[in-house]
Enquirer: 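Quick one: the structure is below, and I'll ask about it shortly.
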Amino acid sequence: MSWNPVCPVVRLPVDRAVCVLVRGEQVALVRTLEDRLYAVDNQDPLTGAMVLSRGIVGSRGDRDVLVSPLHKQAYLLDSGECLDLPDAWLRVHDVRVVAGAVEVRLAAESERVPA
Amino acid sequence: MRKTLVVVGHGMVGHKVVEIAVARGLTDEWDVVVHAQEGLPAYDRVALTTWFGGADLALPPVAHPAVDLRLGEPVVSVDTGQRLVTSASGLVTPYDALVLATGSVPFVPPVPGAAGTGRFVYRTIEDLEAIRAYAATSRRGVVIGGGLLGLEAAQALQSLGLDTTVVEFAPRLMPVQVDDGGGEALRRLVEGLGVTVRTSAATQEILDVPGGLRLTFADGEPIDTDLVVFSAGIRPADALARTAGIAVGDRGGVVVDRGCVTSDPHVFAVGECASALGRTWGLVAPGYAMAEVVVDRLLGGAGTFDGADLSTKLKCLGIDVASFGDAFAETEGALELVWADPVGGVYKKLVVSDDAQRLLGGILVGDASAYASLRPLVGSGLTVNPADLIAPASSGVQMELPDEAQVCSCNAVTKGQISEAARHEPDVAAVKECTKAGTACGSCLNLVKSLVAKEREAQGLAVSNALCEHFDHSRREMFEVVRVRGIRSWSQLLSEHGRGKGCDVCKPTAASILASLGNGYILDGEQGALQDTNDHMLANLQKDGSYSVVPRMPGGEVTPDQLLVIAQVAKDFGLYTKITGGQRIDLFGARVEQLPQIWQRLVDAGMESGHAYGKSLRTVKSCVGSTWCRYGVQDSTSLAVALELRYRGLRAPHKIKLAVSGCARECAEARSKDVGVIATEKGWNLYVGGNGGFTPRHADLLLQDLTTDELVRYVDRFLMLYVFTGERLQRTAPWVEQTGLEHIRSVVVDDSLGLCADLDAAMEQHVASYSDEWADTLADPQRMSRFVHFVNAPEVPDPSIRRVPERGQFRPLLPLEVVR
């Protein structure tokens, strides 16, 4: 898979998530207080709704998490693992900044949670 | 060499076997092959009826490389000699162990004409789809069977708009769960909902007649209908075992021992298809217990199924029904105590031992609120007069539970275990984690909380009410810190008083406190990042990712011109429109990028945010009052409008609802509100702490015969005291109980804490600084920028939001639905 430029990094609010469209897929981008970027699936694995980017960003212990706005499960942003449910996870996509532009490289389809 | 477990059936219990197999590591050495008859993965059959309301019944899937789920592949034969199963499509699978989890099939009484067009059963989503399709061109429906499932089916037919009749063979409804008295109360309640009930009715024949079907009975008039749903019980689906030569009980069901092993040592049976301890078990909890036993056995354990508590509490057609212990007083010498309110449709019965010293069981119809506290008492000594337990004001009676009383029946946790855990665990969450109490259905949680608090108090230990891992403060303490230290920002609060980066609990709490203390527009600067999505988008998130929109209608008043604008907006954006319980209109299904366009038109027509998305004032409901009503003694509508305009936008620990009634007939239902005002000949009576919802509570009378000015002053202080001292997500009802009505009266009337000046000043500041959040948002392009779905493709709407028409409007396309 290749890198896809999505938007200028200044378009990302701090300590919050937004959704971007990458090759037809919905990706939630998170920019933390320390300017760290994460990219995970925007789809809530539990309900199928495209809402993860509307969740609250925070921490559990020393790991960054994104919390589903529907039923409040927390997902680790570095691994995609759900801390509140077994067998639920988000795919983690690669993300980087090149000359002020955010670029995303999609994870393989095979890593997706079976519906 | 890996072994193979084949599970036949992917209902709730078959799914549970797989879940436990993965959770307990059986899949380290075993492959699990599941053969499902239906084309859908396991779903919540207990909640089947909610499918009509659009509920997503799918159970959380088990995704594991060792699990192979084969949908629509029923097993048609088992060769126990070779240990092979064959599926309908001819797939042959060898097994080392086989679990039969085939469930049950609906029983259709053998009456002439039981098969044919317009006859249905009620068991699978496919059945429900067929009923819904047929009902679309029908007017009348009959349910044969007045048990639990029959009443559920009746509810479904009614919701599909059919004139519904329930026909029951026994002399009362729900004959298995309740006695004659309970059945009578139930009948009145069901009839009150518009369902016709016919008991002691033996269906003789179902005839096809011009224009529909005709049911004839041994006694009485025939009934004409368009469709019939059979819900006359279930029979174990044991045909596969019979043909495989596995032993089956006299009354059906695959015979198993306590280890859930059938007559073949390599074959287990679980759930509704099994006959354990000489009977079949038609509830899900015993099935889950059997699933646990099977996996334990496969892991080399010695788990046994020793029967299960058949106590049930359920809501059927919105009516509470509970039955527990020896509900029918079958114990020798048992005494029955009955309390019945035929008018209110409440029937409560307790069964006690002949010396009235021990509780044996009971039945509750119409009001089952006492169930959670009564069920654990079964079999133990009574320390209070049993009559007090079911008398109307029973909530005030304190019951002392013995240590062996089971508090959490899902996970079999006793009071003693909870108390023991509370001695070394700091809070309710830790006690839950360590004992598993309250982690399944959650109905015992309130009891667990009070037991933990009581035990910690008795030990002289503090109960931690820290909000989360980032703050040691409760909401109330956080409010004090922010107010007294004059903190104006999240980063200051977190760095000076918290740790880490915050979370979905402390961030919205801090945002709400900052808003209560008048920090202006809630989404500017870093405050925006703290908000839950509802406050963040100034709209209410729905399950499919769209939002609902609610304009304010003070006192429930709306002008014809405003109605025209709302109607046009709803038509233009394809919004589903519904009247709320708070006398206003909810518009569902708006996509994020549509919210500003919708609100521009509403604001242009003079409307403003209704704050349905906030933990804040919702509505002030009112009757029309003395202006129009022949009985009204005060102008309730004008007062309601004034109160709503005064408190709109006030952020609080939880939502706040008010109501004003213009006379003692109380048409505005003010006593079910956080603040209720009822007109008297001399002025206004003020009630506080009422609630509908999960735990209904009538509001308490705080003050009587107030002038309008006095009333506003005391409502100001009451609400602000709640904002100052309520805990996170604590409604006023539990807050009033915790704080004490007398204490509240002394603070807001006699100023016993010297706090009134602060409360008054805080409310003055709120009223003076109110500004409509939506008008403010629309006026500022920076604030508008958040209303897109894709930041890199703002013109593209979220393609996952899809609609289908229903009853002249639109609803979401459900995940399991196929577009036709």
Side-chain angles (χ1 to χ4, degrees), chain A residues 4-8 11-22 24 26-27 29 31-34 42-74 85-89 101-102 104 112-115, chain B residues 19 22-23 41 56 58 60-64 67 69 468-470 490-491 494 499-508 511 523 525-526 528-534 536-537 541-547 592 785-786 788-796 798-801 812-816:
Chain A
N4 304 278
V6 287
C7 66
R11 185 67 184 85
L12 305 186
V14 175
D15 202 21
R16 195 84 203 183
V18 293
C19 177
V20 290
L21 188 59
V22 184
Q26 300 203 16
V27 172
L29 280 183
R31 179 178 175 190
T32 69
L33 289 167
E34 318 87 328
N42 188 41
Q43 185 166 37
D44 179 30
L46 224 71
T47 60
M50 293 289 181
V51 294
L52 255 297
S53 56
R54 320 253 180 85
I56 286 179
V57 174
S59 65
R60 288 261 190 112
D62 53 7
R63 319 256 313 252
D64 292 321
V65 296
L66 178 60
V67 180
S68 168
L70 280 168
H71 295 293
K72 316 293 179 202
Q73 294 87 11
L85 286 174
D87 305 313
W89 67 89
V102 181
V104 173
R112 189 187 288 279
V113 183
Chain B
E19 247 180 31
V22 171
D56 175 12
V62 177
H64 190 282
V67 177
L69 174 59
C468 60
E469 66 179 64
H470 307 104
W490 160 252
S491 48
L494 185 67
R499 63 183 85 86
K501 298 184 189 176
C503 66
D504 59 306
V505 172
C506 58
K507 281 179 154 184
L523 297 177
E526 57 176 35
L530 306 179
Q531 304 286 3
D532 249 326
T533 185
N534 283 7
H536 201 246
M537 292 295 177
L541 178 67
Q542 303 301 319
K543 63 191 288 186
D544 67 342
S546 68
Y547 289 80
V592 276
S785 65
R786 73 181 56 218
V788 293
H789 187 67
F790 298 112
V791 294
N792 62 337
E795 71 290 352
V796 179
D798 177 359
S800 75
I801 293 178
L813 182 76
L814 304 170
L816 292 176

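Throughout, a chain's letter reflects where its sequence line sits, starting with A, and its residues are numbered from 1. Note that these values count all heavy atoms, side chains included, but never hydrogens, waters or copies made by symmetry.
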Enquirer: What part of His536(B) gets closer than 4.5 Å to chain A, counting heavy atoms only: side chain, backbone, both or neither?
Expert: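 His536(B) touches chain A through side-chain heavy atoms alone.
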Enquirer: If you take all heavy atoms of Ser59(A) and Cys503(B), which pair is closest and at what distance?
Expert: O-CB, 4.4 Å
Enquirer: For Val27(A), which atoms come within 4.5 Å of any heavy atom of chain B: side chain, backbone, both, or neither?
Expert: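 Contact with chain B: none, neither part.
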Enquirer: Can you tell me how far CG of Leu21(A) sits from CG of Asp798(B), rounded to the nearest 0.5 angstrom?
Expert: 10.0 Å
Enquirer: Looking only at heavy atoms, what is the nearest atom pair of Asn792(B) and Cys7(A), with distance?
Expert: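 Smallest heavy-atom distance, with atoms named: CB-CB, 4.4 Å.
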Enquirer: Side chain, backbone, both or neither: which part of Val788(B) has a heavy atom under 4.5 Å from chain A?
Expert: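 The side chain, not the backbone.
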Enquirer: Side-chain contact, heavy-atom cut-off 4.5 Å: Val51(A) with Leu541(B)?
Expert: yes
Enquirer: Over all heavy atoms of both residues, which pair between Asp504(B) and Lys72(A) is shortest? Give the atoms and the distance, please.
Expert: OD2-CB, 3.8 Å
Enquirer: Quick one: are Lys507(B) and Val67(A) in side-chain contact, heavy atoms under 4.5 Å?
Expert: no
Enquirer: Side chain, backbone, both or neither: which part of Asp544(B) has an atom under 4.5 Å from a heavy atom of chain A?
Expert: backbone
Enquirer: If you round to the nearest 0.5 Å, how far is CG of Asp62(A) from NZ of Lys501(B)?
Expert: 9.0 Å
Enquirer: I'd like to know which of Gly58(A), Gly55(A), Cys19(A) tops the heavy-atom pair count under 4.5 Å against chain B.
Expert: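 Option with the top pair count is Cys19(A).
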Enquirer: Would you name the heavy atoms of Ala49(A) and Gly545(B) that are closest together and state the gap between them?
Expert: CB-N, 4.2 Å
Enquirer: Kindly give the heavy-atom pair with the smallest separation between Asp15(A) and Trp490(B), and that separation in Å.
Expert: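 Heavy-atom minimum between the residues: OD2-NE1, 4.4 Å.
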Enquirer: Leu85(A) versus Pro60(B): any side-chain heavy-atom pair under 4.5 Å?
Expert: no
Enquirer: Less than 4.5 Å apart, side chain to side chain, heavy atoms only: is that true for Asp87(A) and Glu19(B)?
Expert: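 No, too far: nothing below the 4.5 Å cut-off.
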Enquirer: What part of Ile801(B) is in contact with chain A, defined as an atom under 4.5 angstrom from a non-hydrogen atom: side chain, backbone, both or neither?
Expert: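 Neither the backbone nor the side chain of Ile801(B) comes within 4.5 Å of chain A.
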Enquirer: Does any heavy atom of chain A fall under 4.5 Å from the side chain of Gln542(B), the backbone, both, or neither of them?
Expert: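 For Gln542(B), the contact with chain A is made by the backbone alone.
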Enquirer: Given that the side chain runs from C-beta out, which part of Pro13(A) has a heavy atom under 4.5 Å from chain B: side chain, backbone, both or neither?
Expert: neither
Enquirer: Is it the backbone or the side chain of His470(B) that comes under 4.5 Å from a heavy atom of chain A, or both, or neither?
Expert: side chain
Enquirer: I'd like to know if Lys543(B) pairs up with Asp44(A) as an ion pair, taking the criterion as any Lys NZ or Arg NE/NH1/NH2 lying under 4.0 Å from an Asp or Glu carboxylate oxygen.
Expert: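 Salt bridge: no.
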Enquirer: Tell me the closest heavy-atom pair linking Met50(A) and Ser800(B), and the distance in Å.
Expert: CG-OG, 3.3 Å
Enquirer: Among residues two or more places apart or on two chains, list those pairs meeting salt bridge (charged side-chain N to carboxylate O under 4.0 Å, His left out) that have a residue in residues 50-61 of chain A.
Expert: Arg60(A)-Asp84(A)
